[in-house]
Participant: 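Structure provided below as structure tokens; questions to follow.
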Amino acid sequence: MSGVTALPARIDALNRLYGHAIDDGDYERWPEFFAEDALYKITTRWNYDRAMPAGLMLCQGRAMMEDRVSALRTANVYEPHHYRHLIDPPVVTDESGSAISATAGFAVYRTMQSGVPEIFCTGKYVDRIVEADGGLKFGERIVVCDGERIDTMIVIPL
Amino acid sequence: MSLLDWNPEDFSEIPYAFYSDDEIYRRELKRVFLGKTWNFLALECEIPNAGDYKTATVGEVPVVAVRDEAGAVNAMVNRCAHRGNLVCIDEAGNAERLTCVYHNWTYDLRGNLASIAFEKGIRGKGGMAEDFDRSRRGLPRLRVETYRGLVFGTFSADAPPLSDYLGPEMRANIDRVLGREMEILGKFQHGLDGNWKLYIENVRDTYHATLLHSFFPTFGLNRLSMKGGIEFSDGGLHHLTYSIGATDRPESQYNARDLRAVKDGYALNAPELLETWPEYACGTTLAIQSIFPNFSVQQVSNVVTVRLLLPKGPDKSVLIWWILGAVEDTPEQRAMRLRQANLIGPGGYIAMEDGAVVGWVRRGVAGAEEESSVLAMGGRGVERESDSRCNELSVRGFWQGWHAMMRDPAA
């Protein structure tokens, strides 16, 4: 089996690169982790458990993600801050179809102008992952926050 | 001189101490939230069946709204008459009776104390005192009235009927926006780092909308040059500001380079985010309505929300957003609502800044308890209505209503 990396390890690498891109402020790279027509949604456990369709952010396709990035760069007004993602190793829940289903828990710390990192959000990613452009991409990433409450505002994706 | 002796004159100067003072806050809880106001508790569609209940908060008082066997909605204080324990611990649920887990006292769906564990003791020993009267120990009830699927409660016997409290101008907008069967598409909480009034002022502040929120004018969603206006209920308690798209006229002010809000060449890669359909015959594209003290109905294009702001001490508050759709929506309309929902909420293109600015003002006024803000845009005092939204009239209207309630010795 030499030369073949196991699927969970490949997804783990994808997740870690994803987290680092955001944490490093490389927001323009964030949409590149997704397939062209991918769905990205931030919701909460309460809404997810009840199949509520609205999200805190809802991007249908990479173009909407790019708009989120250009708005955070040029339109929206907020206090400068950054994240630190801690992402669990993934659990592959289904790999029988054309897309892989996987999930991973996460914690995101946020450091605002006070200079103190604080837990901003914990939750899980619920992903559908596809092979595209010679690598893995998210075909769908649902961010399910454990808490119902977002402190102050959310402008940087999770 | 106590802050409570404030002489507001024309409501154009507001002491910063009102956003942090503990004595003011304690009085607000009593006179505003527990006074002659109607407080939003729930949507009727959250408790559709007999026995459905949902917890809520009035000021800081825990409350539960319940639908009884006859289909009526009741609301009671969610506090056991025995030792003060919360009766309903789950946020929502369904029950034939409400049972306090501490000592198993049970209440019917109208809040009457129905049974007490071991009331007669065990084998003739123990039991409640002879003179204990169960009928006098129910859960304290609020007056409850509903309007267009919105459930309101009040602790006051003297508050006017809900319909009169809202008044014809406010009812007309609620009729327009919520006058059909609605359902919940999502519900989110937004934690705010400041006094509740800072956010309520923001809801009523038509002046900031296109300045702080550059997303708004950039995409033509709301410009102060559009046709629109401000309306009040009697006494200034509630307000409605609205604008009608497609009535915009070129106005040199918005081309000025020094207005940060206008960004040339900024375009969406996915303009379908702003795809709308003409949902309302009147052509209203934006309507923001505040119902005193802490409730709001909002329509931004096709996004319909209601918001409730809960005070959490002088320095904190929590905003709850309900995102709504009409049951009769076509799949295309529903999809548009959900995409446009990116505009609102804690992560909304045009709403996120409102959460941030509450915290910035709180930090800004630290140590300035002796000083005041200025609310002189559009003149001073509180007129009945205005056809200009370049105005702080509705913020002054809030303070007029607030002041009357805070000094009301009968409250």
Side-chain angles (χ1 to χ4, degrees), chain A residues 28 31 36-81 110 112-114 118 120-121 143 145-158, chain B residues 91-92 183-194 211-216 218-219 260-261 263 265-273 303 305 318-325 334-335 337-342 344-360 363:
Chain A
E28 282 71 14
E36 189 65 38
D37 61 348
L39 174 74
Y40 175 79
K41 178 175 171 179
I42 303 179
T43 186
T44 68
R45 182 186 287 241
W46 188 94
N47 286 279
Y48 187 75
D49 288 349
R50 287 160 183 76
M52 291 288 175
L56 286 158
M57 285 189 192
L58 177 68
C59 300
Q60 296 166 333
R62 213 146 63 185
M64 278 195 204
M65 300 179 213
E66 290 158 6
D67 288 338
R68 275 282 173 184
V69 174
S70 62
L72 82 81
R73 291 287 192 207
T74 62
N76 284 125
V77 182
Y78 55 93
E79 160 179 343
H81 61 281
R110 183 174 68 175
M112 304 282 275
Q113 292 296 287
S114 69
E118 292 180 49
F120 175 53
C121 185
V143 185
C145 303
D146 289 329
E148 283 184 65
R149 191 176 302 167
I150 294 292
D151 175 66
T152 305
M153 49 102 235
I154 177 166
V155 62
I156 301 169
L158 289 168
Chain B
E91 167 242 3
E183 61 187 0
I184 299 173
L185 307 183
K187 187 176 156 189
F188 298 100
Q189 294 188 11
H190 192 169
L192 304 177
D193 183 29
L211 300 168
L212 177 65
H213 308 302
S214 52
F215 203 86
F216 246 152
T218 305
F219 297 102
R260 179 187 50 76
K263 296 234 163 31
Y266 186 82
L268 288 177
N269 285 344
E272 63 268 31
L273 186 91
V303 197
T305 55
V318 170
L319 181 66
I320 305 172
W321 292 84
W322 286 258
I323 303 171
L324 304 178
R334 181 57 58 86
R337 285 198 208 281
L338 294 173
R339 281 195 293 268
Q340 291 172 40
N342 278 294
I344 54 91
Y349 279 124
I350 54 171
M352 68 172 78
E353 286 105 355
D354 294 325
V357 82
V358 164
W360 294 333
R363 283 150 63 185

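Sequence lines set the chain letters: A, B, ... in the order given, protein chains first and strands last, and positions in each chain run from 1.
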Participant: Let me know if V318(B) has heavy atoms under 4.5 Å from chain A in its side chain, its backbone, both or neither.
Facilitator: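 Interface part for V318(B): side chain.
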Participant: If we define contacts as heavy-atom pairs under 4.5 Å, which of R334(B), E91(B), E183(B) has the most with chain A?
Facilitator: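 Heavy-atom pair counts peak at E91(B).
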Participant: Counting only non-hydrogen atoms closer than 4.5 Å, does R363(B) touch chain A with its backbone (N, CA, C, O), its side chain (CB onward), both, or neither?
Facilitator: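 Looking at R363(B), just its side chain touches chain A.
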Participant: If I compare all heavy atoms of V77(A) with all of L212(B), which pair ends up nearest, and what's the gap?
Facilitator: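 Scanning both residues, the minimum pair turns out to be CG2-O, 3.6 Å.
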Participant: Quick check for you: among R68(A), M153(A), M65(A), R62(A), which has the greatest number of heavy-atom pairs under 4.5 Å with chain B?
Facilitator: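 When all of R68(A), M153(A), M65(A), R62(A) are compared, R68(A) has the most.
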Participant: Can you name the closest pair of heavy atoms from I154(A) and M352(B) and give their distance?
Facilitator: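 Looking at all heavy atoms of both residues, the shortest contact is O-CE, 3.8 Å.
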Participant: Using 0.5 Å steps for rounding, measure from the CD1 atom of I150(A) to the CG atom of L192(B).
Facilitator: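 CG of L192(B) is found 12.0 Å from CD1 of I150(A).
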Participant: Nearest 0.5 Å, please: how far is CD1 in I184(B) from CZ in R50(A)?
Facilitator: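 Between atom CZ of R50(A) and atom CD1 of I184(B) there are 10.0 Å.
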Participant: Mark yes or no for whether H190(B), through its side chain, and R149(A), through its backbone, hold a donor-acceptor pair below 3.5 Å.
Facilitator: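 Checking the backbone N and O of R149(A) against the side chain of H190(B), no donor-acceptor pair under 3.5 Å is found.
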Participant: Hey, are the side chains of K187(B) and M52(A) touching, using non-hydrogen atoms and a 4.5 Å cut-off?
Facilitator: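 No, side chains not in contact.
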Participant: Keeping the roles fixed (side chain from D67(A), backbone from A270(B)), state whether a donor-acceptor pair exists under 3.5 Å.
Facilitator: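 Checked: pair present.
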Participant: With rounding to the nearest 0.5 Å, note down the distance linking SG in C59(A) to CG in L273(B).
Facilitator: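 Between atom SG of C59(A) and atom CG of L273(B) there are 8.5 Å.
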Participant: Quick one: what part of D151(A) sits under 4.5 Å from any heavy atom of chain B, side chain, backbone, both or neither?
Facilitator: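 Both backbone and side chain.
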Participant: To the nearest 0.5 Å, tell me how far L56(A) CG sits from I344(B) CD1.
Facilitator: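 It is 9.0 Å, given to the nearest 0.5 Å.
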Participant: Roughly how far apart are K41(A) NZ and L338(B) CG, rounded to 0.5 Å?
Facilitator: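 Output value for this atom pair is 7.5 Å.
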Participant: Distance-only, no hydrogens or angles: does the E148(A) side chain make a donor-acceptor pair with backbone N or O of Q189(B) under 3.5 Å?
Facilitator: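 Not a single qualifying donor-acceptor pair exists.
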Participant: Below 4.5 Å from any heavy atom of chain A, which atoms of W321(B) appear? Answer side chain, backbone, both or neither.
Facilitator: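 Neither part.
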Participant: Below 4.5 Å from any heavy atom of chain A, which atoms of I323(B) appear? Answer side chain, backbone, both or neither.
Facilitator: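 Just its side chain gets close to chain A.
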Participant: Less than 4.5 Å apart, any side-chain heavy atom of F188(B) and any of T44(A)?
Facilitator: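 Yes, close enough: below the 4.5 Å cut-off.
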